[in-house]
Amino acid sequence: MSFITHFESLEDKRSHINKKHDLLDVIFLTVVAILSGAEGWKDIKQFGDSKLVWLRKFRAFKEGVPVDDTIARIISSLEPNALLTSFISWVNEIREDQGQPVIAFDGKTLRHSFDGDRKTALHSVSAYAVEQGLVLAQCKSKGKKNEVSTVLELIELLELKGSIVTADAMHCLKKVAKAINAKGGDYVLQVKNNQGKLATEIAAYFHKTRRDTPQDIKTNSLTLTNDGHGRIEERTYVQLPITPWLTQSQGWTNIKSVIEVTRKRYLKDKETSETAYYISSLEVNLPQIAKAIRSHWSIENASHWVLDMTYREDDSRIRRGDAPENMATFRRFAMNLARLSPIKDSMKGKLKQAAWSDEVREKLLFA
């Protein structure tokens, strides 16, 4: 039972008289039920009742399966930061075996998790290991405008040595770059209006280089093209080393290069084009930088989209106490378990198989 051991350190805050059901039994039940397609407390209870004999192969469940309200009370009583620490402990054990990839940071709001006031809906920030397809951590944020402090918390918690951290323009801040560097990681951060002077100077730098030394642009360019669904997309990456001309680069920890990405899209007879700029602690290495920038958006497609469409996270109406945040952690735990499995199927297909087959469920849990 390798994964459940990481939750043994969690404090059980229930009074002695209310500890009829073992905490780890309920956590195990919750994770396995979500892995089998359960969405709410009633689903978890019904899964437990139908699979109690199977569940007892791994945990005692001496008092059987608790009622749905008890499950809700136990899960909502868990301290979110302690649960996150347990989750990260398990993920770091996995990463030690598989190496350290590009890590993308991005925020997500659970639209139906509010209670009365929509502004109270849970907004969290996730760290996503792109190459492995694993969520490394997710942490509650006090709204989208407060994402930066949450990202800094996650940077402090995660092992980043040897990794490349990517983030959107909201997190293009000197303190974020400094924190990543302090943990031994590299960064690729998009530059927009929140760093207006820097963005303007970078654009001018590329213009100046094209005018004065066009060969430098040619030497440091990479163009990639892909097509699908009737659309052709062409992306041109230009990466140049930092020079003293870039005065706005002063104060950015370990900054070594700036990047220009021009994206052209051709759909039927229509052409659109956009240009974006980035800063990085990486030396000029076009294949590496192209991969890091392109892969950042997989957190939307491979994580957020899957959580909404397969795990129905955006439709969840769980609102009790810390339950929305804790259940979000358990969903990411279940998604990671499914991703790690060698079973060949879509995420939705794996969940269906887990619901139907005890054998498949065990393979997903103990791959």
Side-chain angles (χ1 to χ4, degrees), residues 1-35 38 41 44 48 55-63 65-66 70-98 100 103 122 124-129 132 134-141 149-161 163 183 318 320-340 361-362 364-367:
M1 185 68 59
S2 59
F3 80 85
I4 202 67
T5 60
H6 291 276
F7 296 99
E8 290 176 350
S9 61
L10 287 175
E11 180 184 358
D12 192 341
K13 294 184 178 182
R14 295 174 294 169
S15 62
H16 181 73
I17 196 172
N18 288 325
K19 291 184 179 180
K20 177 180 177 182
H21 298 279
D22 181 79
L23 176 62
L24 291 183
D25 285 357
V26 177
I27 289 175
F28 181 70
L29 167 64
T30 301
V31 172
V32 175
I34 293 172
L35 188 62
W41 309 124
I44 295 171
L55 288 166
R56 281 176 169 159
K57 290 174 61 178
F58 310 102
R59 302 290 306 174
F61 286 91
K62 292 180 181 179
E63 300 296 332
V65 174
T70 299
I71 296 171
R73 177 171 52 82
I74 293 173
I75 297 302
S76 64
S77 72
L78 295 174
E79 207 286 308
N81 286 336
L83 183 62
L84 175 62
T85 299
S86 298
F87 177 80
I88 291 175
S89 171
W90 173 73
V91 169
N92 281 340
E93 182 179 279
I94 301 298
R95 292 179 68 204
E96 286 177 4
D97 294 334
Q98 298 193 9
Q100 295 170 337
I103 299 173
L122 176 66
S124 63
V125 178
S126 294
Y128 181 71
Q132 297 161 315
L134 298 178
V135 175
L136 303 181
Q138 71 89 31
C139 191
K140 180 180 179 181
S141 173
S149 60
T150 309
V151 165
L152 290 171
E153 289 177 26
L154 289 176
I155 288 171
E156 188 60 33
L157 287 170
L158 290 168
E159 175 57 61
L160 299 180
K161 188 175 182 180
S163 299
K183 293 299 295 287
I318 292 173
R320 180 173 182 168
D322 289 319
E325 187 174 358
N326 292 337
M327 285 296 283
T329 297
F330 284 131
R331 287 189 203 99
R332 285 152 179 78
F333 195 99
M335 185 171 72
N336 282 354
L337 285 169
R339 280 261 165 78
L340 289 167
R361 193 180 315 113
E362 288 180 35
L364 293 178
L365 285 169
F366 309 117

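For the pair Ile4 and Leu24, the tightest heavy-atom approach, listed with the atom from each and the gap, is CD1-O, 4.0 Å. Here the shortest heavy-atom pairing between Leu136 and Ile103 reads CD1-CD1, 3.7 Å. Across Trp90 and His6, no two heavy atoms sit closer than the pair N-ND1, 3.6 Å. Residues Asp22 and Arg59 share a closest heavy-atom pair of OD2-NH2, 3.0 Å. Here the closest non-hydrogen pair linking Leu29 and Gly48 is CD1-CA, 3.6 Å.
Remark: Ser15 pairs with Asn18 by the side-chain hydrogen bond (donor to acceptor under 3.5 Å, both in side chains) rule, at least two apart or across chains. Take Lys62 and apply the side-chain contact (heavy atoms from CB on, under 4.5 Å) test, not counting sequence neighbours, and it matches Ala60.
Formation of a donor-acceptor pair under 3.5 Å by the Asn326 side chain with backbone atoms of Ile75 is found in this model. Judged purely by atom type and a 3.5 angstrom limit, Ser89 has no side-chain atom pairing as donor or acceptor with the backbone of Thr85. A donor-acceptor distance shorter than 3.5 angstrom exists from the side chain of Arg56 to the backbone of Phe61, with no hydrogens or angles considered. Not one N or O on the side chain of Asn336 forms a donor-acceptor pair closer than 3.5 Å with the backbone of Leu134.
Among residue pairs with one or both ends in residues 3-13, those qualifying as salt bridge (charged side-chain N to carboxylate O under 4.0 Å, His left out) are Asp12-Arg14; sequence neighbours excluded.
Using a 30° and 60° split on the angle between ring planes, Phe3 and Phe7 fall in the perpendicular class, above 60°.
Taken from CG in Leu83 to CD1 in Ile88, the straight-line distance is 10.0 Å, to the nearest 0.5 Å.
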